[in-house]
There are 2 protein chains.
Amino acid sequence: MSVQEIRSFNRFYTNLIGALDYSRHLYAPYTLTESRVLYELAHSPRTDVADLRGELSLDAGYLSRILAKFEEDGLVERTPSERDPRRRRVTLTPRGRTAAELLDERSREAVGSLLATVPAAERERLTAAMATVRAVLSDGTRRPPRADDVLLREPVAGELGWIVQRNGAVYAAEFGWNADYEGLVARIVADFAQDHDPYLERVWIAELDGRPVGCVMCVRDEAPGTARLRLLLVEPEARGLGIGDRLVGAVVEFAREVGYRELVLWTNDVLAAARPLYQRHGFVLVAEKAHRSFGVDLVGQDWRLQVQSGAL
Amino acid sequence: MSVQEIRSFNRFYTNLIGALDYSRHLYAPYTLTESRVLYELAHSPRTDVADLRGELSLDAGYLSRILAKFEEDGLVERTPSERDPRRRRVTLTPRGRTAAELLDERSREAVGSLLATVPAAERERLTAAMATVRAVLSDGTRRPPRADDVLLREPVAGELGWIVQRNGAVYAAEFGWNADYEGLVARIVADFAQDHDPYLERVWIAELDGRPVGCVMCVRDEAPGTARLRLLLVEPEARGLGIGDRLVGAVVEFAREVGYRELVLWTNDVLAAARPLYQRHGFVLVAEKAHRSFGVDLVGQDWRLQVQSGAL
DNA sequence: GTTGCATCTCTGACTGAGTCAACTATCCGC
DNA sequence: GCGGATAGTTGACTCAGTCAGAGATGCAAC
């Protein structure tokens with residue numbers, strides 16, 4: 001159960017942060033809370049006492065005393081707020097600013113020396129993983145992603161391989177397909193990579209929060225004036241956002257623009273979720289045929305869409 | 001600079017943990033430190049006072065008092081350690097155990113309600129990212145990985161695609177090769193996946209800490225009795241551990257075992273790091289030829305290794 | 001304008017988490 | 001058996017953080 005793992009991570013990270021500030025030399029001569037106040041003052045443009053209190057969730061009396069001490073030491077100035085005489089505006093003096101910078105510097109150094117123990121090649125993985133933790137945990141408070149958070153773009157280096165990898169892994173996990181399928185995807189991708197007409201054939205990657213979560217390919221079919229939609233895939237975690245819809249839509253639009261008369265695709269009946277998707281875009285099922293592939297018994301389906309009636 | 005990102009993550013995560021324990025109802029009627037002691041007592045088999053002190057890095061006097069209070073409340077028993085009368089062994093009483101479980105339960109609940117805001121599909125990503133953060137940051141304190149931490153195994157679903165992806169991305173980043181190369185890799189992988197002799201052809205994945213960091217393939221060549229080593233790759237971050245050496249070694253051994261007479265490979269002179277590797281295993285350079293591929297000018301090299309003199 | 005209630009800040013009084021130093025008892029190496 | 005380290009206890013202290021109350025002001029209702 002992931003609750004255990006998270007708690008374990010919490011203990012780990014709490015210890016880590018504790019170790020970073022071994023014997024709190026980091027904050028001297030201030031306390032952790034005082035440092036937080038200084039940091040906030042240095043980084044936040046809104047600096048009424050009430051704002052500080054809200055931001056750092058401190059006791060009003062405690063904060064008042066901290067600021068009084070800061071004022072005495074010449075780190076801050078307290079002036080009445082113009083729009084509400086009950087409030088007081090707090091601003092750092094130059095001296096306060098250097099104090100904040102000193103603390104900042106020390107913290108940067110401590111983190112830097114921690115980071116120095118991490119091989120350079122791993123740092124990218126580290127920051128990426130941190131970003132993921134943050135994104136996922138903030139997600140609860142943030143609005144869920146929508147279809148228009150998704151960016152459709154062409155693949156960058158490695159992403160054709162990503163298509164192979166994810167097709168192979170997802171269909172193996174969901175339907176038990178064997179490596180034959182992954183091989184088929186690799187061949188389709190290879191054909192595309194090594195020889196495709198950039199005007200008439202294209203691959204789209206759906207990107208969400210900077211990482212690929214879906215793909216689709218449009219290539220010429222044997223029949224003249226016909227395009228084939230292939231390798232439509234949306235990551236399980238990104239389903240339900242309308243990404244598949246946008247990918248199919250992109251292909252249909254592309255096929256229309258560049259002048260294909262017809263768009264066809266081959267799929268299997270176990271991919272039931274995609275069925276309404278194709279129908280919504282006007283595809284019609286024209287043939288079904290049982291076959292054995294990828295280590296399982298399947299029913300293949302041919303779908304067709306009349307893209308435009310006029311000839312090319 | 002990643003120091004900034006880590007500090008930012010620290011602030012984020014500190015706040016998160018703080019929010020988890022809003023108004024410290026989590027620990028009541030104990031303090032955070034007391035809870036940590038209880039947790040440690042409940043989860044660690046070694047429970048001398050000195051061990052506790054080391055594990056939690058607490059002040060000796062402070063801990064002594066905490067334990068005295070626990071004893072008074074009937075949560076623990078303190079008995080002299082048999083092997084060193086200075087030491088005292090601390091054990092939880094049944095009552096102490098239920099207290100620890102209550103705290104545990106509360107903490108689990110708090111984390112659980114945090115986790116409830118995370119969509120189920122994201123949880124796996126979250127725990128994976130946490131594991132990564134942990135692994136990378138522990139690495140500094142842990143011994144660096146060695147070649148024998150690496151496991152060579154056959155690929156699982158999706159990993160043929162991984163080979164394509166990483167080959168494409170790494171060579172694009174390091175040498176500027178274009179998608180032609182990724183396509184070539186995809187074709188090699190496709191050929192392998194769709195039709196290979198499981199006794200005479202094989203792919204190895206090098207796994208480090210549970211994730212793939214390298215690969216190599218051995219397939220039959222046109223010439224009879226000849227095997228070809230292909231797609232040798234080690235992730236930049238995992239280089240210098242001797243992984244390439246083990247991969248090449250695995251191929252050579254495999255070729256010898258199944259009875260190939262000769263092992264050949266084709267590479268390019270820009271891959272200078274691999275050169276001593278091949279030489280060490282007895283490969284000799286037999287031909288060089290300039291060519292233009294993957295969008296750049298290269299010098300291809302053919303290498304050869306006599307695996308065994310006797311005929312098959 | 002006044003009344004009632006909320007908000008902002010400050011002060012005094014307090015709690016209690018954590019630290020430091022001194023002390024005793026024991027272990028270990030020589 | 002001596003010197004130095006280690007284990008645990010106790011007393012004295014510090015200071016981060018909390019709580020309650022007071023004075024000043026804002027805001028809305030009458």
Side-chain angles (χ1 to χ4, degrees), chain A residues 14-15 17-19 21-41 46-73 76-91 103, chain B residues 14-15 18 21-41 46-73 76-91 103:
Chain A
T14 308
N15 280 340
I17 290 177
D21 173 34
Y22 182 59
S23 77
R24 64 174 60 76
H25 74 290
L26 268 189
Y27 307 121
Y30 308 102
T31 68
L32 169 60
T33 313
E34 287 169 340
S35 302
R36 293 209 300 150
V37 173
L38 267 183
Y39 180 90
E40 195 62 28
L41 281 172
R46 315 173 56 244
T47 45
D48 279 5
V49 175
D51 298 331
L52 275 180
R53 226 186 49 221
E55 194 63 38
L56 304 172
S57 40
L58 288 178
D59 176 79
Y62 187 24
L63 179 57
S64 171
R65 252 180 284 261
I66 288 176
L67 291 174
K69 183 189 156 205
F70 279 176
E71 193 169 35
E72 202 176 316
D73 293 354
V76 304
E77 275 175 354
R78 286 192 285 187
T79 53
S81 163
E82 52 260 21
R83 57 169 225 273
D84 183 342
R86 291 172 310 173
R87 292 177 150 241
R88 297 186 74 178
R89 164 138 307 194
V90 187
T91 48
L103 292 179
Chain B
T14 309
N15 280 340
D21 174 34
Y22 182 57
S23 78
R24 66 174 56 79
H25 73 289
L26 268 190
Y27 306 121
Y30 308 103
T31 69
L32 169 60
T33 313
E34 288 169 338
S35 303
R36 292 208 301 149
V37 173
L38 268 183
Y39 180 90
E40 196 61 28
L41 281 172
R46 315 171 57 243
T47 44
D48 279 6
V49 175
D51 298 331
L52 275 179
R53 225 186 50 219
E55 194 63 38
L56 304 172
S57 41
L58 288 179
D59 176 79
Y62 187 24
L63 179 57
S64 172
R65 252 181 283 261
I66 288 176
L67 290 175
K69 184 189 154 206
F70 278 177
E71 193 169 36
E72 201 178 317
D73 293 354
V76 303
E77 274 173 358
R78 285 192 286 185
T79 54
S81 164
E82 51 261 23
R83 56 170 225 273
D84 183 343
R86 291 173 310 175
R87 290 178 152 244
R88 297 185 76 177
R89 165 137 308 193
V90 187
T91 48
L103 292 179

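Letters A, B, ... are given to chains in the order of the sequence lines, protein chains preceding strands, and every chain is numbered from 1.
The interatomic distance linking B/Arg87 (CZ) with C/dC27 (C1') rounds to 11 Å, in whole Å. As a whole-Å value, the separation of A/Asp59 CG from D/dG21 P is 14 Å. To the nearest angstrom, P of D/dT9 lies 12 Å from CD1 of B/Ile66. Distance A/Asp48 CG to D/dT25 P: 16 Å, rounded to the nearest Å. Per the geometry, CG belonging to B/Leu67 stands 15 Å off C1' belonging to C/dG18, to the nearest Å. Summarising the geometry, the separation between OH on B/Tyr62 and P on D/dG11 is reported as 18 Å, rounded to the nearest angstrom. Whole-Å rounding puts the A/Glu72 CD to C/dC10 P distance at 14 Å. In this structure, A/Arg88 atom CZ and C/dT11 atom P are separated by 9 Å, rounded to whole Å.
The shortest heavy-atom contact between B/Arg36 and B/Leu56 is NH2-O, 3.3 Å. Across every non-hydrogen atom of A/Arg78 and A/Arg88, the tightest pair is CB-NH2, 3.4 Å.
Residue-level contact check: A/Ala50 touches the backbone only, with heavy atoms under 4.0 Å from sugar-phosphate atoms and none from bases. Across all strands, B/Ser81 comes closer than 4.0 Å to no nucleic acid atom at all (heavy-atom distances).
Counting distance only, with no hydrogens placed and no angle test, the side-chain atoms of B/Arg65 and the base atoms of D/dG11 include a donor-acceptor pair under 3.5 Å.
Atom OG1 in B/Thr14 sits 8.5 Å away from atom CG in A/Leu32 (nearest 0.5 Å).
Neither OP1 nor OP2 of C/dG16 sits under 4.0 Å from any side-chain N or O of B/Thr31. Of the side-chain N and O atoms in A/Arg86, none sit less than 4.0 angstrom from OP1 or OP2 of C/dA6.
Residues B/Asp59 and B/Arg53 fail the side-chain proximity criterion, which asks for heavy atoms closer than 4.5 Å.
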